[in-house]
Amino acid sequence: MRKDRERWERRYKAGERPHDGPPSAILQRWLPRLPLGRALDLATGLGRNALVLAAAGYRVDAIDISSTCLEEAARRARRLGLAVRWIEADLDAYPIPEERYDVVVNAFFLKRGIFGALKAAVKPGGVVVVDTHLRSPEPDSGPPSPRHRLRRGELMRLFSGWEILDHQEGFFQERGRPRSLGRIAARKPGGRGPRRGATP
């Protein structure tokens, strides 16, 4: 939506760097064991997850609504000599291709309606990695609105019937701040992509 685009443009142009820094912890943990091939990074921001995927040899599509953040992410990729396909798009309207990707990453972009498309985008045997805020009775540094947080146990329900490779819920230190987070790595039923290593 136009308001979302304008809001993120203002934040990035003002010098804010939300979710910048190291890649998602669960993505880093599982990256050596994920199926090789094509990867999709939703709401990539400054590209922290897209860049680590590209460095690992994936052909990466990275989507975000903000042209300002994508320009900076592209500069970072050029400095590192990495190739990423940067896509400026509103995920409320962008038609995510079905069964194109071996790995799909969604870090801190929470709209429940997108999980169907996210799950459809990964090939059978491919893996979806999610890192998101959870509701918590204790205050933390995450978003104040409960609509930007999942309930505890909701990720497991969303991926019911999939092979759960990893699932974590609780408080984690993110960039020195406590956050109530849910994390999951889940493999789509069906074909088996190439694997690298055993379960950690």
Side-chain angles (χ1 to χ4, degrees), residues 19 22-45 47-64 73 77 80 82-87 89-134 150-170 172 181-200:
H19 300 301
S24 162
I26 190 169
L27 176 61
Q28 289 189 86
R29 173 175 165 80
W30 278 93
L31 187 58
R33 300 166 179 85
L34 296 178
L36 296 166
R38 297 182 68 99
L40 173 66
D41 183 26
L42 298 179
T44 189
R48 65 192 182 113
N49 295 318
L51 294 176
V52 77
L53 286 163
Y58 287 87
R59 289 170 290 156
V60 182
D61 291 345
I63 303 174
D64 203 277
L80 295 168
L82 298 174
V84 175
R85 181 175 173 242
W86 306 104
I87 302 169
D90 181 349
L91 283 166
D92 286 334
Y94 183 77
I96 300 174
E98 294 186 8
E99 295 193 0
R100 175 173 293 184
Y101 299 100
D102 301 280
V103 175
V104 173
V105 178
N106 181 3
F108 301 109
F109 176 75
L110 180 55
K111 290 194 175 178
R112 285 169 177 81
I114 205 169
F115 276 93
L118 179 154
K119 292 161 67 177
V122 73
K123 299 174 184 177
V127 175
V128 172
V129 177
V130 178
D131 206 344
T132 194
H133 296 284
L134 289 184
L150 288 180
R151 296 176 179 87
R152 288 182 178 264
E154 197 168 352
L155 276 175
M156 288 291 284
R157 291 192 294 274
L158 285 166
F159 287 92
S160 175
W162 288 43
E163 179 187 355
I164 306 303
L165 305 175
D166 199 346
H167 177 245
Q168 304 166 17
E169 292 186 348
F172 300 87
L181 301 177
R183 293 168 166 160
I184 199 166
R187 191 187 306 276
K188 189 173 188 174
R192 296 291 183 181
R195 299 190 186 190
R196 297 177 289 173
T199 301

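The model shown is predicted, which means the values in this text are computed figures rather than measured ones. We number each residue from 1, following the sequence as shown.
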With sequence neighbours left out, write down each residue that passes salt bridge (Lys or Arg N to Asp or Glu O under 4.0 Å) with K119, or none if nothing qualifies.
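Counting only residues at least two positions away or on another chain, K119 forms no salt bridge (Lys or Arg N to Asp or Glu O under 4.0 Å).
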Partners meeting salt bridge (Lys or Arg N to Asp or Glu O under 4.0 Å) with R59 (sequence neighbours left out)
none
Verify, without hydrogens or angle tests, whether E163 (side chain) and R187 (backbone) share a donor-acceptor contact under 3.5 angstrom.
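Here the side-chain-to-backbone pair does not exist.
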Check: D131 side chain, I26 main-chain N or O, donor-acceptor pair, under 3.5 Å:
no
Taking the basic N atoms (NZ, or NE/NH1/NH2) and the acidic carboxylate oxygens, is any pair closer than 4.0 Å for K123 and D102?
yes
Is there side-chain contact between [X] and [Y], with heavy atoms separated by less than 4.5 Å?
X: F108; Y: L181; result: yes
X: Y58; Y: D41; result: no
X: W30; Y: L165; result: yes
X: I96; Y: L118; result: no
X: N106; Y: T132; result: no
X: N49; Y: V60; result: no

Rounded to the nearest 0.5 angstrom, the CD1-OH distance for I114 and Y94 is 11.0 Å
Atom pair CG (L53) and CG (L40), whose distance is rounded to the nearest 0.5 Å:
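CG of L40 is found 9.5 Å from CG of L53.
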State, to 0.1 Å, how close A43 and D64 come at their nearest heavy-atom pair, and which atoms those are.
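Smallest interatomic distance, heavy atoms only, reads C-OD2, 3.3 Å.
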Please give me the minimum heavy-atom distance between A56 and L31, naming the atom from each residue.
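Heavy atoms of A56 and L31 come nearest at CB-CD2, 4.0 Å.
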Considering residues, nucleotides and ligands other than Q28, do more than 12 of their heavy atoms fall under 6.0 Å from its CD?
yes
With Q168, which residues qualify under side-chain contact (heavy atoms from CB on, under 4.5 Å), at least two apart?
R29, D166, F172, R183
Determine, stepwise, if the pair L27 / L34 fulfils side-chain contact (heavy atoms from CB on, under 4.5 Å).
CA-CA 9 Å; L27 176 61; L34 296 178; 4.0 Å; yes
Before you tell me yes or no, could you show the steps for V128 and F115 under side-chain contact (heavy atoms from CB on, under 4.5 Å), namely the whole-Å CA-CA distance, both residues' side-chain angles and the distance that decides it to 0.1 Å?
CA-CA 10 Å; V128 172; F115 276 93; over 6 Å; no
